[in-house]
2 protein chains.
Amino acid sequence: MARPRKFDEERAVDAAMEAFWTAGYEATSTQDLCEATGLGRSSIYNAFKSKHDLFRRALGRYLETKSASVVELLESDLPAREKVRTMLERVIEEESAHADDGRGCLFVNTAVELAARDAEVARELERDYRRRLEALTAALESGQRDGDIEAAKDARTLAHFVAAAIGGMRVSARAGIDRAALEGIARTTVDAL
Amino acid sequence: MARPRKFDEERAVDAAMEAFWTAGYEATSTQDLCEATGLGRSSIYNAFKSKHDLFRRALGRYLETKSASVVELLESDLPAREKVRTMLERVIEEESAHADDGRGCLFVNTAVELAARDAEVARELERDYRRRLEALTAALESGQRDGDIEAAKDARTLAHFVAAAIGGMRVSARAGIDRAALEGIARTTVDAL
DNA sequence: GTCGTTTTGGATCGATCAGTACAAAATCAG
DNA sequence: CTGATTTTGTACTGATCGATCCAAAACGAC
């Protein structure tokens, strides 16, 4: 055969994900990616076609991991209202770290930085959004049957509403609001269901 | 004295604002700024210290313009609920253009792209957020006195909630949701007040 | 007009950008 | 071992990055 790879491709994608997540697509140089992954340029360009290709892999991994976690929560047997509350709590936990990293959410970062001028990336984000929306909608519909969620409102609309609340909390966190304010938004959002 | 300037500084800042608004800070090169403003590099670097400085000027102008418009609406004599509805309608109008530009909102774009690694910019965003929040809070408190807004909830918390709804709608729009979904989010948000 | 001052265009700076060329190193088949 | 194949490190590509230099041009003061 031939010389085997010395590195794990998934580990490299993970490291690249961290870099893109922290600094964004444009502000992450190929040199940064070498340092983050611990690989040489040749290894990166041999395994991945380009910076853009590596980014798509990294984004895909992020979306898969995060969405799987959300879907798992939404398919659990908690009351629907509790599921949403937990989702929002997780957002607060991530966003109010702020001192540790302050890198936010790669979905939101990418949607804002790239979606408008990168159709492929936009398509991937849409797909992931749909996936989360389906799981949320199903959970809310189930909650409506249980009497946990107001049945008068359309579940899908409520799902969009919750998704927007999450994105909004992440934006507001970047604009500097504190944890108490985030908790207020979360409470108000859950109360609206 | 000396040779006078051939260009209007405010016009240049406006043009730069459009460029940054469309492509983001990192993805806008100084060459792009020359083309957008119609100026030579010397003129730009003579009038502004750096790309970063020009960006701050552009951001300042954007925030001032947009916030003034929002504050004007919030200080009008419409019912409070109607004020919020109008704010959300404006967002939908801007975000569902999508075909025309799809550049979203410079506040959100900047909060997500830069705030975490640029303290000066973050401070400016915080200041602007506070300004909008004060106006929103005052409008909602007034609405509570009129019985237009649920008095049981804290007006400031509701203001944060509305601000987050706006940011969230903008993120969701970037993730590809359609106008009808945005309208559903807006309705749900107003219903929660 | 001349002088002093500022703006302007164009050339250019070193640094960095994403990406590539190439040969040495490393592996396995035989 | 040799030969085929792939990975790896290093040097390097042309392009572009943000920013600066400098001299010509354009004005007001006088």
Side-chain angles (χ1 to χ4, degrees), chain A residues 1-60 106 109-110 113-114 117-121, chain B residues 1-60 106 109-110 113-114 117-121:
Chain A
M1 284 289 199
R3 180 174 176 176
R5 253 190 211 152
K6 216 164 62 186
F7 68 94
D8 176 9
E9 194 163 306
E10 284 208 346
R11 276 201 188 288
V13 171
D14 269 345
M17 182 188 81
E18 298 282 337
F20 285 126
W21 191 354
T22 300
Y25 178 75
E26 293 290 346
T28 302
S29 69
T30 53
Q31 185 57 36
D32 293 334
L33 292 170
C34 289
E35 285 159 18
T37 59
L39 303 177
R41 313 178 78 70
S42 292
S43 297
I44 288 182
Y45 277 91
N46 184 50
F48 313 99
K49 286 200 288 252
S50 62
K51 174 185 173 182
H52 187 259
D53 183 66
L54 178 50
F55 176 78
R56 289 209 300 149
R57 293 279 300 271
L59 177 63
L106 188 57
N109 299 355
T110 304
E113 188 192 358
L114 284 186
R117 56 193 170 91
D118 189 323
E120 280 184 353
V121 163
Chain B
M1 283 289 199
R3 179 174 177 177
R5 247 183 219 161
K6 216 163 63 184
F7 67 93
D8 176 9
E9 194 161 307
E10 284 208 346
R11 277 200 187 288
V13 172
D14 268 346
M17 182 188 82
E18 298 283 336
F20 284 126
W21 191 355
T22 300
Y25 178 75
E26 293 291 345
T28 302
S29 69
T30 53
Q31 185 57 36
D32 293 333
L33 293 170
C34 289
E35 286 161 17
T37 58
L39 303 177
R41 313 178 80 70
S42 293
S43 298
I44 287 182
Y45 277 91
N46 184 49
F48 313 98
K49 286 199 290 252
S50 62
K51 174 185 173 182
H52 188 259
D53 183 66
L54 178 51
F55 177 77
R56 288 209 299 149
R57 293 279 301 270
L59 177 63
L106 187 56
N109 299 355
T110 304
E113 188 191 358
L114 284 186
R117 55 193 169 91
D118 188 325
E120 280 183 355
V121 163

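Each chain gets a letter, A, B and so on, in the order the sequences are listed, and its residues count up from 1.
- The separation between A/Leu39 atom CG and D/dT10 atom C1' is 15 Å, rounded to whole Å.
- The A/Thr30 side chain lies nearest to C/dA18 when the options are C/dA18, D/dT7, C/dT7.
- In this model, no side-chain donor or acceptor of A/Arg41 finds a partner on the base of D/dG9 within 3.5 Å.
- From B/Asn109, atom CG reaches atom CH2 of B/Trp21 across 9.0 Å, with rounding to the nearest 0.5 Å.
- For the residue pair A/Ser50/A/Asp53, the side-chain donor-acceptor check at 3.5 Å is not satisfied.
- Computed from coordinates, the B/Phe55 CZ to D/dC17 P distance equals 17 Å when rounded to whole Å.
- Here the nucleotide nearest the side chain of B/Ser43, chosen from C/dG9, D/dA19, D/dT8, is C/dG9.
- For B/Arg5, taking side-chain heavy atoms from C-beta onward, the closest of the listed nucleotides D/dT20, C/dT8, C/dA18 is C/dT8.
- Side-chain atoms of B/Ser43 and B/Asn46 include no donor-acceptor pair closer than 3.5 Å.
- Toward the 5' end of DNA chain C, the nearer of the two residues A/Tyr45 and B/Ala2, judged by each one's closest nucleotide, is B/Ala2.
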Which atoms of nucleotides 23-25 of chain D (N or O only) lie under 3.5 Å from a protein N or O atom, and what are those distances?
{"residue": "D/dA25", "atom": "N3", "partner": "B/Arg3", "partner atom": "NH1", "Å": "2.8"}

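- Across the protein-nucleic acid pair, A/Lys49 atom NZ and C/dA18 atom P stand 18 Å apart, rounded to whole Å.
- Counting non-hydrogen atoms under 4.0 angstrom, A/Phe7 reaches the backbone sugars and phosphates but no base.
- Proximity of a side-chain donor or acceptor of A/Lys49 to a complementary backbone N or O of A/Leu54 within less than 3.5 Å is not detected.
- C/dA15 atom P lies 19 Å from atom NZ of B/Lys51, rounded to whole Å.
- Whole-Å rounding puts the B/Phe48 CZ to D/dG18 C1' distance at 16 Å.
- In summary, A/Glu26 and A/Arg117 engage in a salt bridge, as defined by a charged side-chain N under 4.0 Å from a carboxylate O.
- As a whole-Å value, the separation of B/Gln31 CD from C/dT12 P is 16 Å.
- Annotation: of the two residues near DNA chain C, A/Glu26 and B/Asn46, the 5′-most nearest-nucleotide partner is B/Asn46.
- Note on A/Glu35 versus A/Arg41: no salt bridge recorded, every NZ/NE/NH1/NH2 to OD/OE distance being 4.0 Å or above.
- As rounded to whole Å, 10 Å separates atom P of D/dA19 from atom CG of B/Leu33.
- A cation-pi arrangement is absent between B/Lys51 and B/Tyr45 under the rule of less than 6.0 angstrom and at most 45 degrees off the ring axis.
- The side chain of A/Ser42 sits closest to D/dT8 out of C/dA18, D/dT8, D/dA19.
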